[in-house]
Protein chains: 2
Amino acid sequence: MSMGPKQAILAGFAGVARALGHAHRLELLEHLGQGERGVDALAVRVGLSLANASQHLQQLRRAGLVANRRDGKFIYYRLADDGVTDLLTALRRQSERNLAEVDRIRRGYFADRDSFEPVSREDLLERVASGLVTVLDVRPQDEFGQGHLPGAVNIPLGELQDRLAELDPDREVIAYCRGAYCVFAFEAVAALRAQGRPARRLVDGFPEWKAAGLPVATSF
Amino acid sequence: MSMGPKQAILAGFAGVARALGHAHRLELLEHLGQGERGVDALAVRVGLSLANASQHLQQLRRAGLVANRRDGKFIYYRLADDGVTDLLTALRRQSERNLAEVDRIRRGYFADRDSFEPVSREDLLERVASGLVTVLDVRPQDEFGQGHLPGAVNIPLGELQDRLAELDPDREVIAYCRGAYCVFAFEAVAALRAQGRPARRLVDGFPEWKAAGLPVATSF
DNA sequence: TTTACAATCAAGTAATCTATTGATTGAAGT
DNA sequence: ACTTCAATCAATAGATTACTTGATTGTAAA
């Protein structure tokens, strides 16, 4: 079946879109947005069998969305570049705007937990500069270590109740985690407000911050 | 099969991505980017049977990418909003950057025809303001009528040879058509340069211009 | 070597997607 | 009412995709 150059190019684009066309692969990409990971770690986090995760990752690789490297007997996958996060953001925006189903879930589940306007990246930068807020990273420690917002405090969601003392009760907390639909940040904000503390959520998560070209700190 | 709110949302995103995951649907979207069209007109232009085109369009509608309205016995489809063009642009960018296959075709076919740097939208605006260039729209007349760049001259590609007299030979021509991979603009630039006339190509096409919020003129 | 283990590959089944065909619906015109 | 025609629906066969299982590859350590 021969086709013109335009059809061939469109088929290429379609292949990339199809690679994004499965919830498991989108979730793999969300985790890869936090930093490089081995296949087994990804499989466990997303709840897939090892073989299944491996095959999904290979589809993403064929589509040019992720890259990998071998180190000893481990193979580490990572996003091909920051542009992947931009594409995911565009997909999310479009879906939020015009897909009734997504909007319904968002209203039903997420709106309850956080009726306050999320903070934009620009706002956060301003507030940090004027020393008014604490930036709180509620992801697991290893993800924090691979990269986080400069000056952020890391308290994984599960430890938040026990470590409240580490947060100055008079400063507003701005919490973030993996991305716009990462549940951790919603839960953290709800928990803090339940204690009467001022808290809001960053509009999206770490990968979007990084893709926007803003500074990133690491712990290793 | 129950799943958390996040999985449900990701499944929604995946559905939108899958809707983009077929070359025929991408081509339908490209045509819809020029303006509203009936099902039969779309089917003919993309080379699909009526029933097949109808079904693809319905998939796009379920994904919230297009909308339609009935007028008499015709049903007209259109892009749901300008954001769809932004998503398509993001998909194109990502594919061009990281998909070897796309890059190979682009080099092999398109680079031959246009070794000159395409003109950005900003450049075009500047040059038009200083009166140095002729903006040439090489799409069919009906597409031009539904919306075009302000001040553009419409000469469909097939008529270009016969109507060369309408173009001032001393002014550079900037040609555009449906989008970044619309062949008309490439062919037009090649034909003009073969005549020894200065000509370049706008970096992408009409839908991207419109989605960028720049002014649009119509003929009806 | 042998052993261990991360990851991929290969094969098979169930589910989903694509395109065609012919029947059906809905709105105009006769 | 009847006809016409745009578009959708319904049913089907063929192709592609998803996930599982068990075998295989590649690297490191015993």
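Chain naming here is simple, since letters A, B, ... match the order of the sequence lines and numbering starts at 1 in each.
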Quick one: does NZ or CZ of B/Arg139 land under 6.0 Å from the six-membered ring centre of B/Phe184, within 45 degrees of the ring axis?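 Not flagged: B/Arg139 not positioned over aromatic ring of B/Phe184.
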A side-chain contact here means heavy atoms from C-beta on lying under 4.5 Å apart; do B/Ser219 and B/Gln141 qualify?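 No; the side chains remain at least 4.5 Å from each other.
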For residues B/Arg121 and B/Glu208, determine if any side-chain heavy atom of one lies less than 4.5 Å from a side-chain heavy atom of the other.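 A side-chain contact under 4.5 Å exists here.
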Between A/Arg104 and A/Glu101 (salt bridge meaning N to carboxylate O under 4.0 Å), is one present in this structure?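 Answer for the salt bridge query: yes.
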Separation of [X] atom [atom1] from [N] atom [atom2], in whole Å?
X       : N      : atom1 : atom2 : value
A/Arg18 : C/dT16 : CZ    : C1'   : 13 Å
B/Asp40 : D/dT8  : CG    : P     : 11 Å
B/Asn68 : C/dG26 : CG    : P     : 15 Å
A/His22 : C/dT16 : NE2   : P     : 11 Å
A/Ile75 : D/dG26 : CD1   : C1'   : 9 Å
B/Arg69 : D/dT8  : CZ    : C1'   : 18 Å
B/Arg62 : C/dT18 : CZ    : P     : 10 Å
B/His24 : C/dT18 : NE2   : P     : 11 Å

What does [X] touch in the nucleic acid at a heavy-atom separation under 4.0 angstrom: a base, only the sugar-phosphate, or nothing?
X       : value
A/Tyr77 : sugar-phosphate
B/Leu50 : base
B/Arg61 : nothing
A/Gln55 : base

N/O (side chain, [X]) to phosphate O (OP1/OP2, [N]) under 4.0 Å:
X       : N      : answer
A/His56 : D/dT17 : no
A/Gln59 : D/dT17 : no
A/Gln58 : C/dA7  : no
B/Arg25 : C/dT18 : yes
B/Ser54 : D/dT8  : yes

Would you kindly compare B/Arg70 and A/Leu57 by the position of their nearest DNA chain C nucleotide and give the one closer to the 5′ end?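 Looking at DNA chain C, the more 5' nearest nucleotide goes with A/Leu57.
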Comparing A/Asp71 and A/Gly21 on DNA chain D - which has the more 5′ nearest nucleotide: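 Result: A/Gly21.
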Proximal nucleotide (of C/dA7, D/dT20, D/dT8) relative to the A/Asn52 side chain: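 Comparing C/dA7, D/dT20, D/dT8 against the side chain of A/Asn52, the answer is D/dT20.
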As a test of reading the structure: which of C/dT8, D/dA7, C/dA27 is closest to the side chain of B/Lys73, going by heavy atoms?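 In terms of side-chain proximity for B/Lys73, the closest of C/dT8, D/dA7, C/dA27 is C/dA27.
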Going by the salt bridge (Lys or Arg N to Asp or Glu O under 4.0 Å) test, name the single residue among B/Glu143, B/Glu27, B/Glu30 that passes it with B/Arg178.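 Considering B/Glu143, B/Glu27, B/Glu30, a salt bridge (Lys or Arg N to Asp or Glu O under 4.0 Å) with B/Arg178 is found only for B/Glu143.
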Aromatic plane relationship, A/His24 with A/His56 - under 30° parallel, 30 to 60° tilted, over 60° perpendicular: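 Rings of A/His56 and A/His24: perpendicular, as their planes differ by over 60°.
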